[in-house]
Amino acid sequence: MNTPGASKPGVSCMPVPRFGVLGSGKGSNFRALAEAFKEDSRESEVAIVLSDVEEAGILDLAGEFGIPHRFVAPGHFRTRMSPEAEEAMVRLLQEARVDFVVLAGFMRVIKEPLLKAFPGRILNIHPSLLPAFRGLEAWRQAVEAGVTEAGCTVHLVDAGVDTGRILGQSRVPVRTDDTADSLHARIQVAEHELYPRMVREFARGISIGPRDF
Ligand code: GAR
């Protein structure tokens with residue numbers, strides 16, 4: 001990994017935007033991001049990976065990429081972090097000097113500590129063509145509803161569930177023989193192309209503070 005906050009030698013004196021990734025699962029979207037920004041790291045860099053699941057694959061993957069990573073115990077709620085746990089995440093993200101936050105399969109609702117610390121600077125990927133099929137297992141909802149088209153959406157995170165401003169979408173046809181799993185697998189292929197592209201675009205559009213480290 002690059003020295004935190006360092007500008008790239010021979011390219012520009014400008015520091016690059018840094019982002020933190022939050023995930024609860026296997027981390028295939030994180031892998032797509034880590035690979036994209038390793039290849040093109042002048043644009044942005046992954047500074048830290050946090051998970052609410054101690055054995056999540058995303059933490060092992062972060063280790064493979066040499067990216068700092070931490071488990072944060074979520075507390076006693078099922079659908080969100082406890083306020084203390086979310087504040088701990090905020091502290092870790094701020095210590096890692098991140099400019100924005102990217103949710104990659106993070107399965108808890110984001111509350112005020114993160115929303116206040118990173119206003120308008122938290123992105124999520126959701127496996128449906130929002131506003132259709134908000135919430136859990138959107139691919140299964142699509143198969144059960146019998147739609148002919150599914151997809152994925154990158155959006156800003158607000159206080160609602162999958163309600164924030166849409167930044168981009170990719171469409172995926174549903175086949176007549178699709179199961180929930182086969183559809184999700186094809187949606188994930190689309191996610192891995194869409195998310196790095198949207199993160200790059202977002203990073204280009206934000207202003208970042210001076211680096212004092
Ligand atoms: C992805 O399909 C992502 O869209 C979904 O979880 C999966 C995580 O996969 N997220 C949600 O459903 C959030 N509401 P990954 O761990 O392999 O990136």
Side-chain angles (χ1 to χ4, degrees), residues 19-38 46 48-65 67 69-72 74 77-81 86 89 101-111 114-115 122-145 147 149-174 178-200 202:
F19 62 97
V21 177
L22 272 52
S24 309
K26 66 182 190 292
S28 69
N29 278 287
F30 160 68
R31 179 192 287 279
L33 292 163
E35 282 171 354
F37 291 104
K38 190 173 70 174
V46 188
I48 191 166
V49 174
L50 302 177
S51 183
D52 59 320
V53 178
E54 194 162 16
E55 64 281 6
I58 193 170
L59 292 175
D60 297 331
L61 264 181
E64 285 172 29
F65 279 94
I67 294 172
H69 50 282
R70 285 279 293 272
F71 160 64
V72 178
F77 300 99
R78 200 174 50 83
T79 57
R80 63 181 170 98
M81 306 287 287
E86 204 172 308
M89 281 190 158
V101 178
V102 171
L103 308 185
F106 188 65
M107 301 313 284
R108 290 174 193 265
V109 180
I110 299 297
K111 295 293 190 183
L114 274 160
L115 291 170
I122 306 177
L123 279 65
N124 183 41
I125 188 151
H126 183 75
S128 79
L129 294 174
L130 288 173
F133 309 126
R134 296 188 169 116
L136 293 178
E137 298 199 325
W139 58 87
R140 192 177 305 280
Q141 295 183 53
V143 167
E144 287 171 1
V147 294
E149 192 175 54
C152 50
T153 302
V154 173
H155 65 95
L156 292 178
V157 174
D158 63 13
V161 175
D162 305 323
T163 51
R165 182 159 69 83
I166 290 174
L167 302 178
Q169 296 186 308
S170 291
R171 295 174 180 279
V172 174
V174 181
D178 258 331
T179 61
D181 286 347
S182 68
L183 178 60
H184 188 210
R186 289 208 318 291
I187 290 173
Q188 287 229 277
V189 173
E191 290 182 336
H192 301 158
E193 186 279 326
L194 179 68
Y195 216 3
R197 187 156 54 81
M198 292 292 107
V199 168
R200 182 171 292 119
F202 183 82

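We count ligands from 1, going down the list as the structure has it; atoms in each ligand are counted the same way. By convention here, the first residue in the shown sequence is residue 1.
In this structure, atom 12 (O) of ligand 1 lies nearest to the protein heavy atom Pro127 CD, 3.4 Å. Ranking protein heavy atoms by distance to atom 9 (O) of ligand 1, first place goes to Gln188 NE2, 3.2 Å. Atom 14 (N) of ligand 1 has as its closest protein heavy atom His126 ND1, 3.3 Å. In this structure, atom 8 (C) of ligand 1 lies nearest to the protein heavy atom Gly105 CA, 3.6 Å.
When the heavy atoms of Ser24, Gly25, Ser28 are ranked by distance to atom 17 (O) of ligand 1, first place goes to Ser28.
The ligand atoms of ligand 1 that sit less than 4.0 angstrom from a heavy atom of Glu191 are 1 (C), 2 (O), 3 (C), 4 (O).
Between the OG atom of Ser51 and the CZ atom of Arg70 there is a distance of 12.5 Å, given to the nearest 0.5 Å.
Taking the six-membered ring where the residue is Trp, the centroids of Phe37 and Phe19 are separated by under 6.0 Å.
On a distance-only criterion, Gly27 and ligand 1 share at least one N/O pair closer than 3.5 Å. Taking distance alone, with nitrogen or oxygen atoms compared against 3.5 Å, Trp139 stays at or beyond that limit from ligand 1. Checked against a 3.5 angstrom limit, the closest N/O atoms of His184 and ligand 1 fall inside it.
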Can you list the steps and then say if Val154 with Phe202 is a side chain to side chain contact (heavy atoms under 4.5 Å, CB included)? CA-CA 11 Å; Val154 173; Phe202 183 82; over 6 Å; no
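A salt bridge is absent between Arg140 and Glu144: the closest approach of a Lys/Arg side-chain nitrogen to an acidic carboxylate oxygen does not fall below 4.0 angstrom.
Partners of Thr179 under the side chain to side chain donor-acceptor pair (under 3.5 Å) rule, at least two apart in sequence or in another chain, are Ser182. Evaluation of the side chain to side chain donor-acceptor pair (under 3.5 Å) rule for Gln141 yields no partner, not counting sequence neighbours.
Exactly one residue among Leu130, Thr163, Leu167, Leu103 makes a side-chain contact (heavy atoms from CB on, under 4.5 Å) with His155. That residue is Leu130.
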